[in-house]
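Below, each value reflects all heavy atoms present in this structure, side chains not excepted, and no hydrogens, waters or symmetry copies. Chain naming here is simple, since letters A, B, ... match the order of the sequence lines and numbering starts at 1 in each.
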Amino acid sequence: MPVMNYIQALNSALHNEMERDPRVVVFGEDVGRAGGVFRVTDGLQSRFGEERCFDTPLCEQGIVGAAIGMALNGLKPVAEIQFMDYILPAYDQIANELATIRYRSGGQFSAPVVVRTPACGGIHGGHYHSQSTESIFTHVPGIHVVMPSDPYDAKGLLIQAIRSEDPVLFLEPKKLYRSARAEVPEEPYTIPFGQAKVLREGTDCTVVAWGVMVHVCKEAVEQAARKGIECELIDPRTLAPLDEEAILESVRKTGRLVIVHEARRNTGFGAEIAALVAEKAILHLEAPIRRVTGFDVHCPFTLDPYFLPDAPRVLLAIEETVGF
Amino acid sequence: MQAPQDRVGTGVAPGAGQTLAPGAGALQSSLRGEVVIAGGTEILRPPPVPPPVAELGPEVLRAMYRAMVLVRTLDTKMVVLQRQGRIAFYGPITGQEAATIGLAYAMRPEDWIFPALREAGVALVRGLELEAMVAQCFGNVRDIAKGRQMPCHYVHRAGNYYAMSSAIATQLPHAVGCAYASKLRREPVVSVACLGDGAVSEGDFHAAANFAGVWRVPCVFFCQNNQWAITVPYRLQSATATIAEKAVAYGFEGVRCDGNDVLAVYETARQAIEKARAGGGPTLVEALTYRILGHTTSDDPSRYRDEAEVAPWRERDPIRLFEERLREQGVLAAAEPEATAAWAKEQVEGAIRAVEGAPPPPLETLIEDVVAATPARLREQLAELRRAMARLGHDPLERSGH
Ligand SMILES: Cc1ncc(C[n+]2csc(CCOP(=O)(O)OP(=O)(O)O)c2C)c(N)n1
Ligand SMILES: [Mg+2]
């Protein structure tokens, strides 16, 4: 099986699906001729033509808005927003239009659009190239929110997203684009939404993380193991729908929970997971729930490493939770 | 650079009002027309358009007339219902029937419409049952959209009538994307993007018009310029004399027509739609009209505008103008207006009688249609509500008096 990085895995998924289904169209800023600023759509225009893979005017609300219309009328649009930081002009189209059309039309219309966007930080991008604002989307019903942490998941989940009957926000941690590598089949395959991945089993402490933080936590739980602490590391992979049972089951076993995300803490998605455990498994808890997250500030350029959780700080949170 | 162009008077029968074409000098040459001042608002009245009466034939003309009367009757009756507390809200199109019905007849069944608030007549013409429309206003179980939206937010999949969103202008990029899909499949189908004069100021208008121009998709922008956006007059909305001329900046044609003349609207919209169908790209059609009543039943226009401004527009009532023309042409018999009014009244009252007492949509529908497969967490939330209702013997819907 070939080894691919995250970009190659996504590119492979897009090739597979455009090959399989003539309704799939791929577009966004610099997506056509250049193949995307991160090269995710590389080669699609030359392979499938300018009608199916193309550059759009520089306008996020236009990109998502047009994608909605295409989906209503039988296409399977995969729209790219160049950076998640610039998705906000399209937020109204996503939250008020894309997410609502099935509900407010009483099921008469649906718009199965995939919006892909490079997300998260750790690449010295400052405020405007570092945000992970997943929780402003998980707050909205009617749209799935996906953030794969490795190339294998990225491909399977992207194909699942393209075949979904519902809109999907597909978040790609850009720090992983070239750094994460995995064996990835050339052939298409899917990974269902709402199924968490358990990366490590353990009985002492549950650690929940997604995106880049999965890699940070991998390092932390390995170090914890060397100190005799057996952590269970869970990557939900999709935040909406969330595999609640995987998290609850693990917490019932370990009695401890550390949630790690690089998004800001205040009303970050970690709060929802903490509330879930408080509502449904609080009597199993032997220590307070801990969150290791981004600061409630705007991601700073120079002091970025203080903003983002790292393995030593995650390890400390694990140790303090286990030693509580 | 393209030569200045003005389709008016060039013999393109039967004339479609004023055309603004991209290129130098286009604006001056196309703004000829009669400027009248009414209540401080400058109104550009385009040169008269010869009616294509002969082409349409008496049956179609009478159907158009009946549709206009039906829409007016529905409005009048529903406003009363709102005043009586029987429906929550209503957004009348009174005075704009020519624009909505002219557009409806200019479209083909396979075309798509992305409506704003004042296109209800198009839904009617495209086959949405009057009962379904009235039920939508009641938001009860007879509403085919399960009572999900406020009154006047119609949706009709079978008629390619997209679900009206309250959010101004958001539907415009959808129309452009829809047209892209038609173009990709080489289907001769046109998407009509409807908007008001206020919507022109929104970013989504710019996004949609720009994409449509660049992609050259079969999309027609149909703007009912009723000169008001709630309390804000057009002159505070935009510094251009017309809305149509904005098309120049997007690289396609803009046309202004008399929005109170149903045949002018029909012909202008038809030409734009057929041009788009033939691969000629988008057009921005501006139907100049006037909002005779308040913005909605929640609005009292006497607070912010002079009756003196409204009066000349009442004189140009689109139904009366059409009626006069049809009688002149011998299409409408003397007794027909009265008979039509009685017929429309019975239609509307019959529809109200048929649907008013229907129960609200069942509780289960609360969690349907969020995503394709209802997720477990929604079932759980519904179970929680049901448990609370059973424990308390309490129904929040009944309690709200809704
Ligand atoms: C994005 C957005 N902003 C504000 C409103 C509130 N609002 C509803 S209708 C309206 C005026 C619309 O004017 P126009 O586009 O001229 O349409 P008309 O009502 O005159 O047909 C406003 C401001 C809204 N619904 N959506
Ligand atoms: Mg208006």
Atom group of [X] that falls short of 4.5 Å from chain B, counting heavy atoms:
X: A:Glu244; result: side chain
X: A:Glu245; result: neither
X: A:Asp166; result: side chain
X: A:Leu242; result: neither
X: A:Pro141; result: both
X: A:Glu51; result: both

Which atoms of B:Tyr154 approach chain A - backbone, side chain, both or neither, heavy atom under 4.5 Å:
neither
Can you tell which part of B:Gln136 gets under 4.5 Å to a heavy atom of chain A, answering side chain, backbone, both or neither?
neither
Just so I understand: if I count every heavy-atom pair under 4.5 Å between each of B:Asn160, B:Leu172, B:Val217, B:Ile144 and chain A, which residue has the most?
B:Ile144
Describe, in one word, how the ring planes of B:Trp112 and A:Phe109 are oriented to each other, choosing from parallel (under 30°), tilted (30 to 60°) and perpendicular (over 60°).
tilted
Take atom CD of A:Glu50 as the centre, draw a 6.0 Å sphere, and report whether it contains more than 12 heavy atoms from other residues, nucleotides or ligands.
no
Does B:Glu131 have more than 12 heavy atoms from other residues, nucleotides or ligands lying within 6.0 Å of its CD?
yes
Under 3.5 Å: donor-acceptor pair, side chain of [X], backbone of [Y]:
X: B:Arg148; Y: A:Tyr103; value: yes
X: B:Gln149; Y: A:Ser105; value: no
X: A:Gln108; Y: B:Arg157; value: yes

Taking the side chain as every heavy atom from C-beta outward, state whether B:Phe211 and A:Ile63 have any pair of such atoms under 4.5 Å apart.
yes
Is there a side-chain contact between B:Tyr180 and A:Phe54 (heavy atoms, below 4.5 Å)?
yes
What is the distance from atom [atom1] of [X] to atom [atom2] of [Y], rounded to the nearest 0.5 Å?
X: A:Arg23; Y: B:Arg185; atom1: CZ; atom2: CZ; answer: 9.5 Å
X: B:His174; Y: A:Leu98; atom1: NE2; atom2: CG; answer: 8.0 Å
X: A:Arg104; Y: B:Ser166; atom1: CZ; atom2: OG; answer: 8.0 Å
X: A:Ile68; Y: B:Tyr162; atom1: CD1; atom2: OH; answer: 6.0 Å

Distance-only polar pair, side chains of A:Asn96 and B:Thr170, donor-acceptor under 3.5 Å
no
Have B:Ser165 and A:Glu97 got a donor and an acceptor in their side chains that come within less than 3.5 Å?
yes
Heavy atom to heavy atom, less than 4.5 Å: which residues from residues 361-378 of chain B reach chain A?
B:Thr365, B:Leu366, B:Glu368, B:Asp369, B:Val370, B:Val371, B:Ala372, B:Arg377
Please output the residues of residues 194-205 of chain B in contact with chain A, using a heavy-atom cutoff of under 4.5 Å, in numerical order.
B:Gly203, B:Asp204
A:Val25, A:Val64, A:Leu72: which one forms the most heavy-atom pairs within less than 4.5 Å of chain B?
A:Leu72
